[in-house]
Amino acid sequence: MDLSFSTEELAFRDEVRGFIAGSLPSDIRDKMRLGWPAEKEDTIRWQRILNQRGWAAYTWPKEYGGPGWTPTQRMMFLEENQMAPAPDMQVFNITMIGPVLIQFGTKEQKERFLPRARDVDDWWCQGFSEPGAGSDLAALKTAARREGDEYIVNGQKIWTSTAHMADWCFALVRTDPNAPKRQMGITFLLIDMKTPGITVRPIISIDGTHHLNEVFFDDVRVPVENRIYEENKGWDVAKFLLGNERTGIARLGKSKERVRFAKEAASGMRAHGGALSDDSEFRRRIAQLETDIKALEITQLRVLSAQKAGESKQDPLTAVLKVKGTELLQATSELVMDVGGPLAMPDWAQELAALSNEPELGPVWATEATRSYLMLRAASIYGGTNEIMKNIVAKAVLGL
Ligand SMILES: Cc1cc2nc3c(=O)[nH]c(=O)nc-3n(C[C@H](O)[C@H](O)[C@H](O)COP(=O)(O)OP(=O)(O)OC[C@H]3O[C@@H](n4cnc5c(N)ncnc54)[C@H](O)[C@@H]3O)c2cc1C
């Protein structure tokens with residue numbers, strides 16, 4: 001196992017770091033340093049800048065407008081992007097539907113959708129989960145029946161991130177309710193969100209933002225030409241999509257950036273009569289987090305090293321990356337919130353304080369830290385819950 005980077009890889013990292021430093025618009029960077037989530041416009045603006053350089057579709061091969069990078073280069077790019085800090089690529093466009101179209105799409109589907117996904121002319125969302133079908137995704141009930149050249153879709157999806165701003169949704173639907181196995185009756189459809197019969201209802205999450213939705217389909221007509229792969233073979237497409245891109249799953253760059261920010265912010269805060277950054281308990285906590293980040297980085301390098309050695313099978317260690325990576329994201333967001341202390345009271349609580357004549361407002365980074373702490377509770381749920389990941393680790397890594 002070789003865990004060191006080659007001279008070329010180190011030069012590549014410098015090139016990426018230099019480009020991001022010189023090209024990321026300062027208003028986006030400033031906002032993200034304060035912990036604000038990237039808005040749709042920020043994501044589109046940044047992704048288009050990267051696309052001009054040929055980097056936006058960072059997991060795609062060259063013939064489809066990607067850079068054709070190795071897994072190590074992809075990981076380096078993601079980490080530099082997160083540490084900048086810059087908005088992530090539109091995940092549904094780049095790491096989900098793009099690779100699916102490349103693998104399973106017809107020539108027409110590729111030509112129609114890939115360039116628009118890369119440049120975010122279309123904003124995609126993912127219609128997989130339903131009430132009663134999350135971890136057990138094959139239990140999904142949203143039905144599609146064929147009528148001539150169209151499917152008629154009826155049912156409900158839930159937790160559909162950004163559906164309210166999406167142009168298109170890729171969805172799993174049940175086309176054969178009598179198939180001998182549940183997985184055998186599912187089809188993968190591309191649905192235009194402007195089609196009559198679609199209703200999007202907001203779900204406001206614990207951080208007070210509108211990111212999630214319920215999506216209802218009521219006799220929604222989808223042309224058969226918008227089906228990916230064969231009818232009743234959608235489960236193969238879904239498995240490919242869910243297992244496809246795991247190198248970035250640990251989001252280590254994000255955790256590193258948050259620790260760096262916490263250290264800076266702590267020098268301006270007071271604890272026990274001195275700067276918080278000099279407090280021994282604070283320093284112990286930083287040391288622990290930095291050690292955990294380093295340990296996970298080494299696990300990530302082991303996964304990459306196996307990929308470099310040509311192992312094509314999905315490495316079950318990626319489940320460890322998901323569990324530990326999300327635990328670290330949660331721990332580092334908690335760290336920044338704790339640095340803010342009482343000033344990290346979220347803005348809706350501050351409005352209440354103002355009513356009771358206590359209008360002490362914290363700095364933006366502190367109140368945003370609480371919002372981000374609350375939102376990141378979900379990181380151990382989406383993308384496969386951590387309990388499911390631990391089941392994978394128990395079986396495939398520990399052999400239990
Ligand atoms: C912020 C956020 C964004 C999301 N975005 C999207 C999206 O854009 N599109 C989309 O399709 N979905 C999305 N989801 C849905 C997400 O994929 C599901 O929430 C997830 O798969 C879990 O399913 P569930 O919520 O139905 O919980 P359940 O599957 O009902 O699980 C409930 C609890 O039981 C545990 N559990 C379930 N089965 C097992 C088992 N076999 N062994 C041990 N424990 C188990 C789970 O770990 C969990 O703690 C999003 C979710 C969140 C929170």
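Start at 1 and go down the list; that is how both ligands and their atoms are numbered.
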inquiry  = Checking Tyr229 now: which residues fulfil ring-ring contact (aromatic ring centres under 6.0 Å, His included) with it, not counting sequence neighbours?
reply    = Phe104
key: Check against side chain to side chain contact (heavy atoms under 4.5 Å, CB included), Thr291 and Lys294   = CA-CA 5 Å; Thr291 309; Lys294 194 72 198 161; 5.6 Å; no
inquiry  = Please output the residues near ligand 1 using a strict heavy-atom distance under 4.0 Å, listed in chain and residue-number order.
reply    = Phe92, Gln126, Phe128, Ser129, Gly134, Ser135, Trp159, Thr160, Ser161, Leu212, Met375, Ala378, Ile381, Tyr382, Thr385, Glu387, Ile388, Asn391
Candidates Met75, Arg17, Glu15 - the one meeting side-chain contact (heavy atoms from CB on, under 4.5 Å) with Glu80 = Arg17
task = Compare every heavy atom of Ala139 with every heavy atom of Gly132, then report the nearest pair and how far apart it is.
result = O-CB, 3.7 Å
request  = Evaluate whether atom CG of Asp219 has more than 12 neighbouring non-hydrogen atoms of other residues, nucleotides or ligands under 6.0 angstrom away.
outcome  = yes
Short side-chain donor-acceptor distance under 3.5 Å, Tyr151 and Glu231 = yes
